[in-house]
Amino acid sequence: MSPAVNAPLVLPVGLSATVTVPASSANLGPGFDTLGLALALFDDVTVEIVDPEVDGDLTISVTGEGADEVPTDDRHLVVVALRRTLAHLGVAAPGLRLTCVNRIPHSRGLGSSAAAAVAGIAAAAALAADADAPRGLTTDEMVQLASEFEGHPDNASASVLGGAVVSWTVPAVPVPDVAGYRDHAAASAAPSAPLHYGARRVDVHPDIRAYAFVPDVQSSTSVTRGMLPRLVPHADAAFNASRAALMVLALTVHPDLLLDATEDRLHQRYRAASMKESSALVERLRAAGVAAAISGAGPTVLALTPQVLPTRLADAAIEAGFTVRELPIADGVVRG
Ligand SMILES: Nc1ncnc2c1ncn2[C@@H]1O[C@H](COP(=O)(O)OP(=O)(O)O)[C@@H](O)[C@H]1O
Ligand SMILES: N[C@@H](CCOP(=O)(O)O)C(=O)O
């Protein structure tokens, strides 16, 4: 019998790929759902193709962050992203064994879920390439798939491209009107409205240092996205447009402008009630002249500064219950 037309290429048992993917900090103050920064805190994921008769369809071993919390079955984010990407590439895996070494804390605003998606996508692309699959993935396609998975491109594109990123979306259907405004939130929420996602890397000024202040508490991104209003005052939107544009200058050539450039009126104030200690820390750091903002949807605080962080500020944050880490700016996902 001849093989079915378009039958998937089956990956051979014994094939394996390891990928290393960085954490990310999204928004950087004014750049809600657009700016992101890759940070040198890495998850390592190894995927091996196994014989299901011998090793089962799927085994997942997780050490480090989230080891006792993430599901070790078909719902695991890396597995979902991996399988979706293999299907996209016309490739099938008989059985899968995953080994995850997690260093990115979960639900803290450091892009752990985007990193998991990028790991799955990059591992699938690496396995398909090793098996000489007819299709591969370009970097733009990785940004597209990971952003579709995550629902916003800022974290995902930073973990793919590294450095700082400017990312954007193009709605595939006309954006509906609400009360005279174009309702982008409704358009993105509509399941029938696929988006095109784009992103480009910008190289960060070498003097800029990034510090993450990580609290013990967790905060779900989807929950705090629900705290955002559907409409905002035009003056606030205009304010953020100026600061987001300024932020690209501050990140690349004028680090002295970081304090002004990290101001925001679109999201942090609306989420502040759910992360009072983090919001207070942002205020304290900014009052001391350090450009600080909530990292992603929080509750981690990100500080960007062309100077070493003064010890008294780090000590005060530790006293308030935060772990303080300087995290170099990282390159994007790589095959290990
Ligand atoms: N490496 C991982 N493996 C499996 N699931 C993960 C991984 N990282 C994150 N997740 C899932 O994503 C959730 C956190 O996502 P989210 O609320 O978007 O926070 P974050 O800011 O860390 O991305 C975790 O509770 C977990 O279910
Ligand atoms: N732009 C998003 C970023 C979420 O980042 P995460 O690291 O908290 O998942 C948002 O602000 O919701």
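Computed over heavy atoms, backbone and side chain alike; hydrogens, waters and symmetry mates excluded. It should be emphasised that the depicted structure is a prediction, and the values quoted were computed from it without experimental measurement. We count ligands from 1, going down the list as the structure has it; atoms in each ligand are counted the same way. Here, residue 1 is the first one in the sequence, and each next residue gets the next number.
Taken from CG in Asp154 to CG in Asp33, the straight-line distance is 5.0 Å, to the nearest 0.5 Å. A distance of 8.5 Å separates CH2 of Trp168 from OG1 of Thr34, quoted to the nearest 0.5 Å. For the atom pair OG1 of Thr46 and CD of Glu48, the computed distance is 7.0 Å after rounding to the nearest 0.5 Å.
Where the criterion is an N or O separation shorter than 3.5 Å, residue side chain and backbone included, Phe32 fails it with respect to ligand 2. The shortest N or O to N or O distance between Thr221 and ligand 2 is below 3.5 Å. Considering backbone and side-chain atoms together, Asn27 places an N or O closer than 3.5 Å to an N or O of ligand 2. Of the N or O atoms in Ala297, one or more lie within a sub-3.5 Å distance of an N or O in ligand 2. The shortest N or O to N or O distance between Ser295 and ligand 2 is not below 3.5 Å.
Protein heavy atom in closest approach to atom 7 (O) of ligand 2: Gly111 N, 3.0 Å. For atom 10 (C) of ligand 2, the closest non-hydrogen atom of the protein is Arg225 NH1, 3.2 Å. Nearest protein heavy-atom contact of atom 5 (O) of ligand 2 is Asn155 OD1, 3.0 Å.
Under 4.0 angstrom from ligand 2, the non-hydrogen atoms of Asp33 come from both its backbone and its side chain. Looking at Arg271 against ligand 2, only its side chain comes within 4.0 Å, counting heavy atoms.
Side-chain atoms of Asp44 and Thr20 form a donor-acceptor pair, as typed in the model, at a separation below 3.5 Å. Using modelled atom types and a 3.5 Å distance limit, the side chains of Ser113 and Glu150 yield a donor-acceptor pair. For Asp264 and Asn27, the side-chain atoms include no donor-acceptor pair closer than 3.5 Å.
Residue contact check for ligand 2: Ser113 places no non-hydrogen atom closer than 4.0 Å to it. Contact annotation: His152 has at least one heavy atom less than 4.0 Å from an atom of ligand 2.
Residues Val204 and Leu302 share a single hydrophobic cluster, defined by chaining ILVMFWY side chains whose heavy atoms lie under 4.5 Å apart. Note: the hydrophobic cluster containing Ile104 does not contain Phe213 (ILVMFWY, side chain heavy atoms under 4.5 Å, direct or indirect links).
Annotation: cation-pi geometry not satisfied between Arg103 and Phe42 (NZ/CZ under 6.0 angstrom from ring centroid, within 45° of ring axis). Cation-pi geometry between Arg209 and Tyr211 is not met: the NZ or CZ atom fails to fall both under 6.0 Å from the ring centre and inside 45° of the normal.
In this structure, Gly198 and Val143 approach most closely via the heavy-atom pair C-CG1, 4.4 Å. Heavy atoms only, all atoms of each residue included: Ala38 and Pro22 are closest at CB-CG, 4.1 Å.
When each of Leu137, Asp140, Val118 is tested with Leu145 by the rule side chain to side chain contact (heavy atoms under 4.5 Å, CB included), just one qualifies, namely Leu137.
Distances below 4.0 Å separate heavy atoms of Ala26 from the following atoms of ligand 2: 3 (C). The ligand atoms of ligand 2 that sit less than 4.0 angstrom from a heavy atom of Asp154 are 1 (N), 2 (C), 3 (C).
Every protein residue with a heavy atom nearer than 4.0 Å to ligand 1 is included here: Asp43, Val70, His76, Leu77, Asn102, Pro105, His106, Ser107, Arg108, Gly109, Leu110, Gly111, Ser112, Ser113, Ala116, Ser220, Thr221.
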